[in-house]
Amino acid sequence: LGGGRRTRDHCGSTGQECPVSHLEYAAQVREISADFSVAAQETVALLGPNGAGKSTILNVIAGLIRPDSGAVTLAGQDLGRFTPHDRGIALLAQDPLLFPHLSALDNVAFGLRARRVRSQAALDTAHEWLKQVGADGLADRRPHALSGGQAQRVAIARALATTPKIMLLDEPMAALDVNARPEIRQ
């Protein structure tokens with residue numbers, strides 16, 4: 001959860017600062033019920049057989065699915081009050097879900113532009129993240145011209161470029177060739 005140090009964030013519309021201390025999940029959706037907490041700096045893995053609801057839980061946390069009951073809170077704030085793009089959560093799935101009409105660079109810059117970051121600053125940040133994941137040479141390529149590993153690198157750069165409070169990983173390397181996985185993990 002979060003980056004290398006404890007940070008502060010504004011809690012909803014009140015403008016008050018609150019520590020990004022922990023995530024709490026106590027919700028039920030599609031007959032999948034779970035209750036757990038994740039502390040700051042903690043890494044947690046959800047394990048279970050196919051169809052157990054692991055991806056569903058991640059989608060609820062990300063705001064892509066509304067729970068039938070219960071709540072997801074971050075630092076005491078009910079995330080149900082926020083749209084998915086206002087939660088500060090990145091979800092990296094098995095499929096990179098890149099926009100086919102955008103270059104790799106523009107895919108990474110997309111989230112920044114959606115947050116009204118100036119165009120050149122968004123492109124500069126996007127290029128830096130492509131460099132960080134070893135994909136700076138792919139900046140001008142469209143998704144159809146990328147291998148699976150290259151597309152996943154671009155998706156990782158896109159997720160990290162927005163500096164999310166929480167990064168959810170839903171088997172992002174499951175569809176990759178076994179030999180490509182260690183390289184992507186770096």
Side-chain angles (χ1 to χ4, degrees), residues 1-23 38 40-41 43 58-66 72-170 172-173 184-186:
L1 177 75
R5 67 184 203 287
R6 189 171 281 205
T7 60
R8 293 186 115 18
D9 192 21
H10 292 287
C11 292
S13 60
T14 66
Q16 293 178 310
E17 285 193 356
C18 63
V20 178
S21 57
H22 65 279
L23 171 80
V38 182
Q41 315 306 314
T43 299
L58 295 179
N59 282 304
V60 169
I61 294 169
L64 303 176
I65 298 174
R66 285 190 177 270
V72 179
T73 61
L74 178 61
Q77 293 293 305
D78 182 358
L79 292 180
R81 298 183 5 212
F82 301 96
T83 62
H85 67 273
D86 287 331
R87 291 179 178 213
I89 296 174
L91 174 61
L92 193 57
Q94 290 179 22
D95 185 350
L97 301 174
L98 300 177
F99 297 110
H101 62 289
L102 297 178
S103 67
L105 182 66
D106 288 330
N107 262 283
V108 176
F110 182 85
L112 297 167
R113 287 183 178 153
R115 288 180 169 80
R116 302 196 189 283
V117 173
R118 290 184 174 220
S119 183
Q120 190 57 52
L123 291 173
D124 291 346
T125 300
H127 190 70
E128 183 57 36
W129 276 107
L130 284 173
K131 187 175 176 182
Q132 290 287 326
V133 299
D136 51 326
L138 308 172
D140 294 330
R141 291 195 197 174
R142 298 257 171 112
H144 73 275
L146 300 172
S147 70
Q150 291 170 333
Q152 202 62 295
R153 284 176 190 263
V154 172
I156 291 167
R158 181 178 60 189
L160 293 171
T162 60
T163 59
K165 296 173 197 159
I166 297 174
M167 175 75 91
L168 302 173
L169 305 175
D170 191 4
M173 293 176 260
I184 300 296
R185 281 188 186 117
Q186 287 182 345

_Measuring from atom CG of Asp106 to atom CG of Leu98, what distance do you get when rounded to the nearest 0.5 angstrom?_
12.0 Å

*Go through Leu79 and Ile89 one step at a time and tell me if the side chain to side chain contact (heavy atoms under 4.5 Å, CB included) criterion holds.*
CA-CA 10 Å; Leu79 292 180; Ile89 296 174; 3.8 Å; yes

_Contact summary for Ala104 and Leu138, nearest pair of heavy atoms_ = CB-O, 3.3 Å

_Heavy-atom pair with the smallest gap, counting every atom of Arg87 and Lys165_ = O-NZ, 4.1 Å

*Derivation and outcome, side chain to side chain contact (heavy atoms under 4.5 Å, CB included), residues Asp136 and Arg153*: CA-CA 10 Å; Asp136 51 326; Arg153 284 176 190 263; over 6 Å; no

*CG/Asp124 to CG/Leu105 distance, rounded to the nearest 0.5 angstrom?*
9.0 Å

_Worked check of side chain to side chain contact (heavy atoms under 4.5 Å, CB included) between Gln152 and Leu92_ = CA-CA 9 Å; Gln152 202 62 295; Leu92 193 57; 4.2 Å; yes

_Before you tell me yes or no, could you show the steps for Gln150 and Val154 under side chain to side chain contact (heavy atoms under 4.5 Å, CB included), namely the whole-Å CA-CA distance, both residues' side-chain angles and the distance that decides it to 0.1 Å?_
CA-CA 6 Å; Gln150 291 170 333; Val154 172; 5.7 Å; no

*So, for Pro143 and Leu102, which heavy atoms are closest and what is the spacing to 0.1 Å?*
CD-O, 3.2 Å

*Reported CH2-to-OG1 distance for the pair Trp129 and Thr162, which is rounded to 0.5 angstrom*: 9.5 Å

_Nearest 0.5 Å, please: how far is CG in Asp170 from CG in Asn59?_
7.0 Å

*Please name the pair of heavy atoms, one in Ala159 and one in Pro164, separated by the smallest distance, quoted to 0.1 Å.*
O-CD, 3.3 Å

*Nearest heavy-atom pair of Arg158 and Pro96: which atoms, and what distance?*
NH2-O, 2.8 Å

_So, taking the atom named CZ in Arg142 and the one named CG in Asn107, what distance separates them when rounded to the nearest 0.5 Å?_
9.5 Å

_Closest non-hydrogen atom pair between Leu160 and Met167, with its separation_ = CD2-CE, 3.2 Å

*Can you tell me how far CG of Leu23 sits from CD1 of Ile166, rounded to the nearest 0.5 angstrom?*
4.5 Å

